[in-house]
Asker: 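This structure is in structure tokens; I'll ask about it shortly.
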Amino acid sequence: MNRTDINCPPGLYRQDLPQWPDIRTPNSAAHSTQPKKKANREDLDIFSIPEDRKLGVTSTALLIVNRMIGTGIFSTPSTIMQSTNSVGAALLFWVLGGFMTLMFAYLELGCAMPRSGGEKVYLEKIYQRPKYLATAVFAVEIIAFYHSAANSVNFSSYILRTIHGLDTTLNTNCGRSPDGTVSISPLSEEWTNKSISIATVTSVCLILAFAPKLGVYLSNVLGFFKLAMLSLVVVTGFTALSGNMKAARPDNFSTFSGAGDACPSSTTTRSSQDSARVANFALALIQVLYAYSGWENANYVLTEVRNAPKTLKRAAPLACFTVTALYILANVGYFAASSKYDIANSGDTVAASMFINVFGRGVFVSRVLPFFISLSILGNLFSQAFAGSRVKQELAKEGILPFSKFFASDWPNKTPTGGLLLHWTFTLILVVGPKSRDTYAFVSFLYGYSQIWIQLLIACGLVYLNFSTKRGWARERTSFHTSNCLTVPWALCLLYVLFAPFMKNSIVTPTIPWYVVPTVGCSILVLGPVYWVYWFRIWPLFGYSVVHEREILPDGSERIKYVVRTL
């Protein structure tokens with residue numbers, strides 16, 4: 001029987017894989033030798049998502065907005081100012097970051113392959129040799145680095161300011177005391193912060209596991225709320241621009257760099273060495289990209305999006321353009337209300353410092369506004385756990401992770417309980433590990449750096465697909481197509497951000513050496529292949545073989561499952 005004898009939905013199948021519906025076919029390397037019995041066939045109904053549970057344009061856009069607007073815009077301006085010591089340079093980085101988030105590479109790939117998994121799906125499509133290597137690299141990155149540690153710690157910081165009305169400006173010089181030593185927080189305050197962080201992320205994961213509809217509802221409500229909160233930051237900034245503020249005007253727009261110094265005694269932001277300046281600018285861009293991170297959030301859950309290609313093309317640009325405009329205006333507001341020194345020394349509470357400078361130290365500013373900001377961060381926690389747990393569950397369902405059956409669990413409400421447990425576990429490790437004052441900066445740098453490696457592989461791979469005639473990508477993709485004129489500059493910016501931090505700097509935290517972030521961030525390029533060698537080279541020595549099989553799900557999407565078989 002020929003393929004044309006079967007009624008196949010148009011555009012459903014790919015050129016490089018067998019085109020047979022409702023069956024799973026081993027890859028060509030194992031087709032002739034692998035027995036078909038004992039294959040772990042699962043009930044297809046498990047993977048069918050009811051239409052009333054799927055996300056529309058509004059929910060998809062809010063999923064992206066919720067992920068993008070979290071801690072970054074309220075916290076990263078501090079380390080960005082430490083890195084640049086320039087108002088003009090910082091604003092240019094925010095514009096550049098917005099441009100880099102509006103890349104359409106993920107839209108092209110998402111529309112052509114509308115299924116959950118995000119970068120995992122795209123890397124497997126692009127890098128087919130050595131087989132499974134791209135999957136192993138992505139699995140290490142998403143499990144180890146995609147967590148909620150930075151957001152939960154920042155949420156805790158704002159809650160403590162809500163409870164105690166704590167001063168938002170540190171009496172330090174970019175984290176150091178006047179004598180040059182690093183100030184140490186009391187042990188009780190340290191563990192209070194950690195305890196609130198752990199309790200918060202635990203509650204979020206439990207709600208998403210046992211009350212999924214409530215979790216989606218809260219995520220949507222908080223998405224609207226954080227847009228209102230960010231709009232308040234913008235309005236407050238324009239109030240400062242008009243001259244209506246309690247503190248003295250900082251005159252940050254009098255020159256390109258702005259008045260004063262961010263860290264007067266620091267050698268990092270005023271270094272005469274070009275290498276230090278190049279490295280510091282790269283660190284600033286990493287923080288900007290971290291603040292924008294989440295624009296790819298919908299790509300992780302496309303199986304749960306109604307009419308995914310059409311919805312994605314509408315929701316993603318709408319969300320990204322909105323957030324970019326608000327971010328740039330918010331930073332203008334920060335610089336209008338606070339001096340460079342205040343911003344650099346506000347730590348993870350830059351927004352609270354701005355409100356104090358504009359409105360004074362009343363109860364509303366010292367307690368109510370930090371609480372509103374904490375709610376905005378909470379929405380980010382819901383969105384990050386929602387998407388991240390589903391990607392991890394996809395990896396477990398396909399047999400990529402150890403104890404896959406356990407972590408692929410849908411119990412009790414068809415929610416990714418196993419994926420949420422993985423998400424919670426690695427968040428807990430990163431919250432407990434570093435000191436609270438270091439956690440946000442360190443973890444946000446580390447997450448941003450590791451994610452950039454994946455984005456670079458995607459960018460280079462898409463350029464390759466567009467130039468390669470053998471791969472037939474022009475026939476497989478949808479009508480949506482981005483230009484290499486956009487993708488290539490994006491890849492060059494990513495290369496700069498990856499390699500510049502290996503030049504000496506001391507911006508990340510006062511207590512963590514400058515080389516730790518790029519070294520640990522590059523670990524995915526080592527741990528991924530190591531895991532791949534164990535999985536696909538060592539296991540076969542003990543009589544096992546790993547093959548991938550395709551199945552067509554009831555909703556029309558495709559799924560690649562990795563099956564371990566005894567030879």
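Not measured: the values here are computed from a predicted model.
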Asker: Using side-chain heavy atoms (C-beta onward) and a distance below 4.5 Å, is Asn280 in contact with Thr84?
Answerer: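 With C-beta onward as the side chain, the pair stays apart.
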Asker: Answer yes or no: is there a donor N or O on one side and an acceptor on the other, between the side chain of Thr427 and the main chain of His423, under 3.5 Å?
Answerer: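 Checked: pair present.
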Asker: Under 3.5 Å, is there a donor-acceptor pair between the Asn244 and Thr239 side chains?
Answerer: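 Judged by distance alone, the side chains do not pair up.
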Asker: May I have the step-by-step check of side chain to side chain contact (heavy atoms under 4.5 Å, CB included) for Leu457 and Leu123, ending in yes or no?
Answerer: CA-CA 8 Å; Leu457 292 174; Leu123 290 172; 3.8 Å; yes
Asker: I'd like to know if the side chain of Ser219 and the backbone of Gly215 have a donor-acceptor N/O pair within less than 3.5 Å.
Answerer: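 Looks like no, no N/O pair under 3.5 Å.
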Asker: Calculate, to the nearest 0.5 Å, the distance between atoms CD1 and CG belonging to Ile73 and Asn380 respectively.
Answerer: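 It comes to 12.5 Å.
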Asker: Does Phe281 have its ring centroid less than 6.0 Å away from the ring centroid of Phe93?
Answerer: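 Distance test on ring centres: under 6.0 Å, yes.
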Asker: For the side chain of Tyr290 and the backbone of Phe445, is there at least one donor-acceptor N/O pair under 3.5 Å apart?
Answerer: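 Not a single qualifying donor-acceptor pair exists.
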Asker: Report the C-alpha separation of Asn220 and Ser59 in whole Å, then their side-chain angles, then the decisive distance to 0.1 Å, and conclude whether the side chain to side chain contact (heavy atoms under 4.5 Å, CB included) test is met.
Answerer: CA-CA 7 Å; Asn220 286 345; Ser59 293; 3.6 Å; yes
Asker: Is any side-chain heavy atom of Phe335 closer than 4.5 Å to a side-chain heavy atom of Lys340?
Answerer: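 The answer is no; the side chains never approach within 4.5 Å.
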Asker: Heavy atoms only: give me the nearest Glu108-Thr482 pair and the separation to one decimal.
Answerer: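 Minimum heavy-atom separation between Glu108 and Thr482: OE1-N, 2.8 Å.
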Asker: Evaluate the side chain to side chain contact (heavy atoms under 4.5 Å, CB included) criterion for residues Leu456 and Trp453: first the C-alpha distance (whole Å), next the side-chain angles of each, then the deciding distance (0.1 Å), finally the verdict.
Answerer: CA-CA 5 Å; Leu456 179 64; Trp453 272 116; 4.1 Å; yes
Asker: Report yes if the side chains of Val221 and Tyr217 come closer than 4.5 Å at any heavy-atom pair, otherwise no.
Answerer: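 Yes; the side chains approach each other to less than 4.5 Å.
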Asker: Mind listing the closest non-hydrogen atom pair of Tyr146 and Lys392 along with its distance?
Answerer: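 So the two residues come closest at O-NZ, 2.7 Å.
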Asker: Hey, what's the ring geometry for Tyr327 with Tyr292, parallel, tilted or perpendicular (30° and 60° as the breaks)?
Answerer: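 The rings of Tyr327 and Tyr292 sit tilted, inter-plane angle from 30° to 60°.
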Asker: So Asn193 and Ser157, do their side chains get closer than 4.5 Å, heavy atoms only?
Answerer: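 In short, these two side chains touch, coming nearer than 4.5 Å.
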Asker: Could you check if a side-chain atom of Val233 sits within less than 4.5 angstrom of a side-chain atom of Phe74, using non-hydrogen atoms only?
Answerer: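 Of all side-chain heavy-atom pairs linking Phe74 with Val233, at least one is under 4.5 Å.
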Asker: What's the shortest heavy-atom distance between Cys493 and Met100, and which atoms?
Answerer: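 Looks like CB-CE, 3.6 Å.
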Asker: Atom OG of Ser338 and atom CD1 of Ile343: how far apart are they, to the nearest 0.5 Å?
Answerer: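 Rounded to the nearest 0.5 Å, the OG-CD1 separation comes out at 5.0 Å.
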Asker: Write down the atom of Ser197, the atom of Ser152, and the distance for their closest heavy-atom approach.
Answerer: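 In terms of heavy atoms, the two residues are closest at OG-O, 3.2 Å.
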Asker: Measuring only between side-chain heavy atoms, which start at C-beta, is Val201 closer than 4.5 Å to Leu428?
Answerer: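 Result no, sub-4.5 Å side-chain heavy-atom pair not found.
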Asker: Considering residues, nucleotides and ligands other than Phe224, do more than 12 of their heavy atoms fall under 6.0 Å from its CZ?
Answerer: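 Result for CZ/Phe224: open.
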Asker: Would you compute the distance between atom CG of Leu62 and atom CG of Leu222 and round it to the nearest 0.5 angstrom?
Answerer: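 If we round to the nearest 0.5 Å, Leu62:CG and Leu222:CG are 10.5 Å apart.
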Asker: Do side-chain atoms of Thr487 reach the backbone of Asn484 as a donor and acceptor pair under 3.5 angstrom?
Answerer: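 Checked: no pair found.
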Asker: Please name all residues satisfying side chain to side chain contact (heavy atoms under 4.5 Å, CB included) with Pro529, sequence neighbours left out, ordered by chain then number.
Answerer: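 By the side chain to side chain contact (heavy atoms under 4.5 Å, CB included) rule, Pro529 matches Leu133, Val137.
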Asker: Please determine, by modelled atom types, if Gln384 and Ser148 share a side-chain donor-acceptor pair under 3.5 angstrom.
Answerer: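 A pair is found: one side chain offers a donor N or O, the other an acceptor, under 3.5 Å apart.
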Asker: Ignoring hydrogens, what is the shortest heavy-atom contact between Ser389 and Ala385? Give both atom names and the distance.
Answerer: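 Heavy atoms only, the tightest pair is OG-O, 2.7 Å.
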Asker: Mind checking whether Phe355 and Phe359 have parallel, tilted or perpendicular rings, split at 30° and 60°?
Answerer: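 Ring orientation, 0 to 90° scale: parallel.
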Asker: Measuring from atom OH of Tyr122 to atom CD1 of Ile458, what distance do you get when rounded to the nearest 0.5 angstrom?
Answerer: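 Nearest 0.5 Å value for the OH-CD1 distance: 8.0 Å.
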Asker: Taking the side chain as every heavy atom from C-beta outward, state whether Met81 and Tyr334 have any pair of such atoms under 4.5 Å apart.
Answerer: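 They are not in contact (no side-chain heavy atoms under 4.5 Å apart), so the answer is no.
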Asker: Do Tyr449 and Leu498 touch side chain to side chain, with heavy atoms closer than 4.5 Å?
Answerer: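 A side-chain contact exists here, since the closest heavy-atom pair is under 4.5 Å.
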Asker: Show your reasoning for whether side chain to side chain contact (heavy atoms under 4.5 Å, CB included) applies to Trp424 and Leu206.
Answerer: CA-CA 10 Å; Trp424 177 85; Leu206 287 175; over 6 Å; no
Asker: Got a second to check how far Ser339's OG is from Asp342's CG, nearest 0.5 Å?
Answerer: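 Here the rounded value is 3.5 Å.
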Asker: Among Leu92, Thr76, Val497, Ile80, which one satisfies side-chain contact (heavy atoms from CB on, under 4.5 Å) with Val288?
Answerer: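 Single pass found, and it is Ile80.
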Asker: Check residues 370-378 and write down every donor-acceptor pair under 3.5 Å in which the side-chain atom is one partner and the other belongs to a residue at least two apart or another chain.
Answerer:
{"unit_1": "Ser374", "atom_1": "OG", "unit_2": "Phe371", "atom_2": "O", "d": "2.5"}

Asker: Which atoms form the tightest heavy-atom contact between Ile286 and Ile452, and what is the distance?
Answerer: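 Minimum heavy-atom contact is CG1-CD1, 4.2 Å.
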Asker: Check the side chains of Tyr106 and Glu119 for a donor-acceptor pair under 3.5 angstrom, ignoring hydrogens and angles.
Answerer: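 Distance-only check passes for Glu119 and Tyr106.
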Asker: Drop me the distance from Leu326's CG to Ser231's OG, to the nearest 0.5 angstrom.
Answerer: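 Going from CG on Leu326 over to OG on Ser231, the span is 5.0 Å.
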Asker: With Val332, which residues qualify under side chain to side chain contact (heavy atoms under 4.5 Å, CB included), at least two apart?
Answerer: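 Testing Val332 for side chain to side chain contact (heavy atoms under 4.5 Å, CB included), a comparison that skips the adjacent residues, returns Leu91, Leu241, Phe253.
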